[in-house]
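Some notes on the structure that comes next.
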Amino acid sequence: MLDPKLIRSDINTVAAALTKRHYTLDIEAFNALENQRKSLQIETEALQAERNSRSKNIGKAKAAGEDIAPLLAEVDDLKSKLESAEQQLNTLQASLDELLQQIPNIPDADVPEGHSEADNVEIQRWGEPKAFDFPVRDHVDIGTSIGQLDFDVAAKLTGSRFAVMHGKIAQLHRALIQFMLNVHTTEHGYQEVYVPFIVNKDSLFGTGQLPKFEADLFKLNTDAEKSSEFYLIPTAEVPVTNIFRDEIIDAAQMPQRMVCHSPCFRSEAGSYGRDTRGMIRQHQFEKVELVQFVRPDESDGALEQLRGHAQTILEKLELPYRTVILCGGDLGFSAVKTYDLEVWLPSQDTYREISSCSNFRDFQARRMKARWRNPDTGKPELLHTVNGSGLAVGRTLIAILENYQQADGSIQIPEILQAYMNGCERIA
RNA sequence: GGAGGGGUGGCAGAGUGGUCGAAUGCACCGGUCUUGAAAACCGGCGUGUCGCGAGGCACCCAGGGUUCGAAUCCCUGCCCCUCCGCCA
């Protein structure tokens with residue numbers, strides 16, 4: 001959520017900044033609601049003050065043994081006036097909040113102009129795609145031909161967009177998770193954390209998935225009598241970031257860096273027909289997520305640092321990749337700036353997203369009321385959140401299968417992973 | 001699943017209809033004293049919101065209700081604790 005004060009005081013600048021993501025802020029609607037809010041709030045609070053002081057007087061009179069009947073008569077019509085004012089204010093506040101919650105974050109100055117993925121700007125490239133002297137196969141062919149990847153059985157068990165892995169490929173998948181967690185905890189200063197994979201609405205609101213993106217989530221059929229509604233997490237970002245919802249962190253505890261491995265569940269409602277083959281786009285996948293809670297003046301630097309941490313994984317695995325900065329039109333709702341890391345996939349002859357690293361500044365923190373105590377002011381202030389995948393495990397697996405495929409149909413294991421595979425050098 | 005007991009400021013813990021945004025203790029911050037520290041003493045010390053300001057308003061788990069007035073009474077939900085049962 002953006003700062004309501006900023007919108008009130010400088011709505012034109014905010015609206016102009018949002019045009020970079022092709023979002024049109026309804027200035028008229030906002031101002032109309034805001035003006036009503038202001039006068040109604042002043043009126044309501046005046047009535048409340050009146051009620052409070054009269055009630056106090058009644059209390060005093062009663063204590064003094066006086067007759068309070070005349071005082072009660074005086075206060076009679078105040079009550080109904082106040083009730084209607086409060087009700088109007090509540091309704092108005094609710095629509096104002098709704099409007100406010102729908103406004104996306106303001107893109108950073110670094111974010112390039114553009115409408116779609118095609119307008120993202122490449123800023124870096126690492127590694128040289130291997131030249132193959134045999135026909136390149138995709139991960140589906142590679143994995144199924146050795147009987148260790150199975151989409152048909154997965155479809156039987158559940159449905160489309162799921163996978164079953166067997167033997168060495170399943171082990172490789174697990175090895176990747178261990179490897180990533182180890183690197184981030186021992187070399188990059190992250191604290192490992194384990195969290196629930198089912199969250200409530202408040203958590204999803206905090207990170208910005210709700211109310212706008214409910215269609216992308218799996219909602220659990222919970223007891224209709226209960227008011228609680230549960231969802232499967234679309235990313236560990238949700239539970240991990242919400243650890244500090246409604247909390248005030250001591251300055252000495254900053255920055256907080258957490259790494260979390262979790263499954264992710266996405267209904268991918270808007271993507272039918274895209275990447276239907278293989279495990280590029282699944283309803284369930286594993287991810288190692290990096291989350292940082294930092295001082296406001298440190299979030300820009302933290303994003304660069306975190307992106308480096310994710311890149312390190314690709315480099316250690318010797319997978320060629322490039323880094324792009326998302327253009328305004330491709331930027332996610334809550335982010336001010338996002339880098340995507342894209343790994344080389346030989347079968348597609350292109351780079352595909354394997355990590356997304358974003359700075360949210362105080363946008364999520366405001367929704368979550370996640371604060372830190374600024375020692376300079378002594379006051380609680382919103383902190384900044386930064387996160388990114390480090391990395392998406394399923395897609396990393398695909399990248400290894402494809403980039404390390406051999407002419408004989410086997411797959412070489414990247415050197416650094418061999419220790420995590422009991423010394424195994426090759427999958428066949 | 002059954003039976004009880006609870007959710008109050010950073011923590012502990014009073015408060016059961018009025019002058020309570022909330023006693024007290026601890027912690028914390030500032031000061032006095034001290035060569036320095038500790039102790040003692042003095043002062044300060046929740047959050048949000050509206051307002052140029054004085055100040056107002058809201059918040060005692062959450063949402064409703066009763067009342068002139070609710071931390072306090074009623075209803076619903078959530079969460080925690082204890083005991084029994086079941087269980088990886």
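Chain identifiers are assigned alphabetically (A, B, ...) following the order of the sequence lines, protein sequences preceding nucleic acid strands; residue numbering begins at 1 within each chain.
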What string of B, S and - do you get for nucleotides 63-70 of chain B 5' to 3' if you count protein non-hydrogen atoms under 4.0 Å? ----SBS-

The contact string for nucleotides 44-55 of chain B, one letter per nucleotide 5' to 3', using protein heavy atoms under 4.0 Å with B, S and - for base, sugar-phosphate only and none, comes out as ---SSSSS----

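To the nearest whole angstrom, the two C1' atoms, one in B:rC11 and one in B:rU16, are 24 Å apart. Rounded to whole Å, the separation between the P atoms of B:rU67 and B:rC74 comes to 16 Å. Nucleotides B:rG15 and B:rC73 have their P atoms positioned 12 Å apart, rounded to a whole Å. B:rA40 and B:rC33 are spaced 9 Å apart, taking the C1' atom of each and rounding to whole Å. Spacing of P atoms, B:rC68 relative to B:rC29, comes out at 49 Å, to the nearest Å. Annotation: B:rA27 and B:rA12 have their P atoms spaced 15 Å apart (nearest Å). Distance check on atom P: B:rG44 versus B:rG25 gives 13 Å, rounded to whole Å. To the nearest whole angstrom, the two C1' atoms, one in B:rA14 and one in B:rC26, are 15 Å apart.
Between the C1' atom of B:rG10 and the CH2 atom of A:Trp372 lies a distance of 18 Å, rounded to the nearest Å. Here B:rC61 presents its C1' atom at 13 Å from CZ of A:Arg245, a figure rounded to the nearest Å. We find that CG of A:Asn200 is positioned 9 Å from P of B:rC79, with the value rounded to whole Å. Nucleotide B:rC29 holds its C1' atom 16 Å from the CG atom of A:Asn374, rounded to whole Å.
When both distances must be under 3.5 Å, the Watson-Crick or G-U wobble mate of B:rC33 does not exist. With a cut-off of 3.5 Å on both pairing distances, B:rA70 has no Watson-Crick or G-U wobble partner at all. Of the nucleotides present, none pairs with B:rA38 by Watson-Crick or G-U wobble criteria with both distances under 3.5 Å. Within the shown strands, B:rC59 is the pairing partner of B:rG46 under the Watson-Crick or G-U definition, both distances less than 3.5 Å. Shown here, B:rC87 forms no base pair; nothing in the strands shown gives a Watson-Crick or G-U wobble contact with both key distances under 3.5 Å. Base-pair partner of B:rU24: B:rA12 (Watson-Crick or G-U wobble, both distances under 3.5 Å). Across the strands present, B:rU82 finds its partner in B:rA3; the criterion is a Watson-Crick or G-U wobble pair with both atom distances under 3.5 angstrom.
Not counting sequence neighbours, the partners of A:Asp250 by the side chain to side chain contact (heavy atoms under 4.5 Å, CB included) test are A:Ala252, A:Gln253. Residues forming a ring pair (Phe, Tyr, Trp, His ring centres under 6.0 Å) with A:Tyr190 (at least two apart in sequence, or on another chain): A:His184, A:His309.
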Give the table of side-chain donor-acceptor pairs shorter than 3.5 Å for residues 420-428 of chain A, with sequence neighbours excluded, one pair per line with atom names and distance.
residue	atom	partner	partner atom	Å
A:Tyr420	OH	A:Asn182	ND2	3.1
A:Arg426	NH1	A:Ser410	OG	2.9

Could you tabulate the donor-acceptor pairs under 3.5 Å formed by side-chain atoms of residues 323-335 of chain A, not counting sequence neighbours?
residue	atom	partner	partner atom	Å
A:Thr323	OG1	A:Gln124	OE1	2.8
A:Thr323	OG1	A:Gln311	OE1	2.9
A:Asp330	OD2	A:Asn120	ND2	3.0
A:Ser334	OG	A:Thr207	O	3.3

Listing, residues 163-181 of chain A side-chain donor-acceptor contacts under 3.5 Å, not counting sequence neighbours, or none:
residue	atom	partner	partner atom	Å
A:Lys168	NZ	A:Gln171	OE1	3.4

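For residues 19-39 of chain A, the ring pair (Phe, Tyr, Trp, His ring centres under 6.0 Å) pairs, not counting sequence neighbours, are A:His22-A:His115. Under the salt bridge (charged side-chain N to carboxylate O under 4.0 Å, His left out) criterion, the residue pairs touching residues 193-206 of chain A are A:Lys201-A:Glu229, with sequence neighbours excluded.
No option in A:Leu204, A:Leu220, A:Ile198 other than A:Leu204 meets the side chain to side chain contact (heavy atoms under 4.5 Å, CB included) test with A:Tyr231.
Here the shortest heavy-atom pairing between A:Cys260 and A:Val195 reads SG-CG2, 3.7 Å.
Residues A:Phe293 and A:Phe244 bring their aromatic ring centres within 6.0 Å.
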